[in-house]
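Structure, as structure tokens:
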Amino acid sequence: QVLLVESGGGLVQAGGSLSLFCEDPGSSFSRNTMAWYRQVPGKQREMIAQITNVGKANYKDSVKGRFTISRDNAKGIVSLQMNSLKPEDTAVYYCNAVDFWSATQFWGQGTQVTVSS
């Protein structure tokens, strides 16, 4: 079982920055692929950044160059640094883990990010 605890988020003006954190205290963290998704009402949840167990990162085109995903395997934390935020980045952001062995997906509780214009 993977338990993901998110923190960060909040309200920021356009052009500002925010950081999101997701902690998984379990022993499987270092081998799992981690990702951040976001969802706005009425739309599907979309993956915006992913980092593999060896640190390879991928990003949705709309956040490339503005967002950075990173992980600290020793602490069991994956982070999302969000810079140059835009109103269209407003969404609920979710941490996601894919278990290395079973491919089972686990989700955090979600955290609201609101970017005002």
Side-chain angles (χ1 to χ4, degrees):
Q1 187 69 23
V2 174
L3 176 63
L4 303 175
V5 180
E6 299 176 19
S7 60
L11 173 64
V12 67
Q13 288 189 332
S17 298
L18 281 175
S19 297
L20 303 182
F21 303 95
C22 174
E23 183 176 5
D24 170 13
S27 60
S28 64
F29 178 85
S30 64
R31 62 175 181 260
N32 292 340
T33 293
M34 303 297 298
W36 286 96
Y37 285 69
R38 68 186 181 190
Q39 188 172 24
V40 297
K43 293 189 176 181
Q44 284 191 328
R45 194 173 295 187
E46 61 177 5
M47 185 172 68
I48 56 170
Q50 180 188 66
I51 187 165
T52 68
N53 57 356
V54 295
K56 181 179 179 181
N58 293 292
Y59 299 93
K60 181 178 173 64
D61 285 347
S62 61
V63 307
K64 281 182 181 177
R66 300 189 297 123
F67 291 11
T68 302
I69 189 171
S70 60
R71 65 189 298 161
D72 185 332
N73 287 338
K75 295 181 179 179
I77 294 175
V78 60
S79 305
L80 185 68
Q81 176 64 40
M82 305 183 292
N83 299 326
S84 302
L85 283 161
K86 304 176 181 180
E88 52 263 42
D89 294 318
T90 296
V92 178
Y93 284 68
Y94 295 90
C95 179
N96 170 272
V98 180
D99 183 79
F100 180 82
W101 297 113
S102 68
T104 301
Q105 293 198 58
F106 299 90
W107 297 93
Q109 77 277 15
T111 185
Q112 177 70 45
V113 171
T114 302
V115 184
S116 63
S117 58

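If you're wondering where the values come from, they're calculated on a predicted model, not measured in any experiment.
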*Would you sort out whether Val113 and Met82 count as a side-chain contact (heavy atoms from CB on, under 4.5 Å), showing the intermediate values?*
CA-CA 10 Å; Val113 171; Met82 305 183 292; 3.9 Å; yes
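- Arg71 places a side-chain N or O within donor-acceptor distance of the main-chain N or O of Thr52, the cut-off being under 3.5 Å.
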_Run Cys22 and Trp36 through side-chain contact (heavy atoms from CB on, under 4.5 Å) and show every step you take._
CA-CA 9 Å; Cys22 174; Trp36 286 96; 3.7 Å; yes
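- Cluster annotation: Phe106 and Ile69 are assigned to the same hydrophobic cluster (Ile/Leu/Val/Met/Phe/Trp/Tyr, side-chain heavy-atom contacts under 4.5 Å, transitive).
- Between Ser62 and Arg38, the closest heavy-atom pair is OG-NH2, 3.7 Å.
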*Check step by step if side-chain contact (heavy atoms from CB on, under 4.5 Å) holds for Gln112 and Thr90.*
CA-CA 8 Å; Gln112 177 70 45; Thr90 296; 3.9 Å; yes
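- Residues Ser116 and Gln13 bring no donor and acceptor atom of their side chains to less than 3.5 Å of each other.
- Considering every non-hydrogen atom in both Ser17 and Ser84, the closest pair reads OG-N, 4.4 Å.
- To the nearest 0.5 Å, atom CG of residue Asn73 and atom CZ of residue Arg31 are 11.5 Å apart.
- Under the 4.5 Å side-chain heavy-atom criterion for ILVMFWY residues, no single connected hydrophobic cluster contains both Tyr94 and Phe67.
- Shortest non-hydrogen contact noted between Ile51 and Ser70 is CD1-CA, 4.0 Å.
- Distance check: Leu4 CG to Asn32 CG gives 9.0 Å after rounding to the nearest 0.5 Å.
- When all heavy atoms of Ala49 and Leu80 are compared, the pair lying nearest together is CB-CD1, 4.0 Å.
- Thr33 and Asn53 make their closest contact through OG1-N, 4.3 Å (heavy atoms, listed as atom of the first residue, atom of the second, distance).
- With contacts defined as side-chain heavy-atom distances shorter than 4.5 Å, the pair Trp107/Arg45 qualifies.
- Contact between Ser117 and Ala14 at its shortest, heavy atoms only, is CA-CB, 4.4 Å.
- A donor-acceptor pair under 3.5 Å is absent between the side-chain atoms of Gln105 and the main chain of Asn96, judged by distance alone.
- No continuous path of ILVMFWY side-chain contacts below 4.5 Å connects Ile48 to Val92, so the two sit in separate hydrophobic clusters.
- Within the 3.5 Å criterion, the main-chain N or O of Gly8 finds a donor-acceptor partner in the side chain of Thr111.
- With values rounded to the nearest 0.5 angstrom, Ser30 atom OG is found 11.0 Å from Asp72 atom CG.
- A donor atom on one side chain and an acceptor atom on the other are not found under 3.5 Å apart for Ser79 and Gln81.
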*May I have the step-by-step check of side-chain contact (heavy atoms from CB on, under 4.5 Å) for Met34 and Phe29, ending in yes or no?*
CA-CA 8 Å; Met34 303 297 298; Phe29 178 85; 3.9 Å; yes
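- Of the candidates Gln44, Met47, Glu46, Met47 is the only one forming a side-chain contact (heavy atoms from CB on, under 4.5 Å) with Tyr37.
- Using a 4.0 Å cut-off between charged side-chain N and carboxylate O, Lys86 and Asp89 make no salt bridge.
- At a threshold of 4.5 Å between side-chain heavy atoms, the hydrophobic network of Ile, Leu, Val, Met, Phe, Trp and Tyr places Leu20 and Tyr59 in one connected group.
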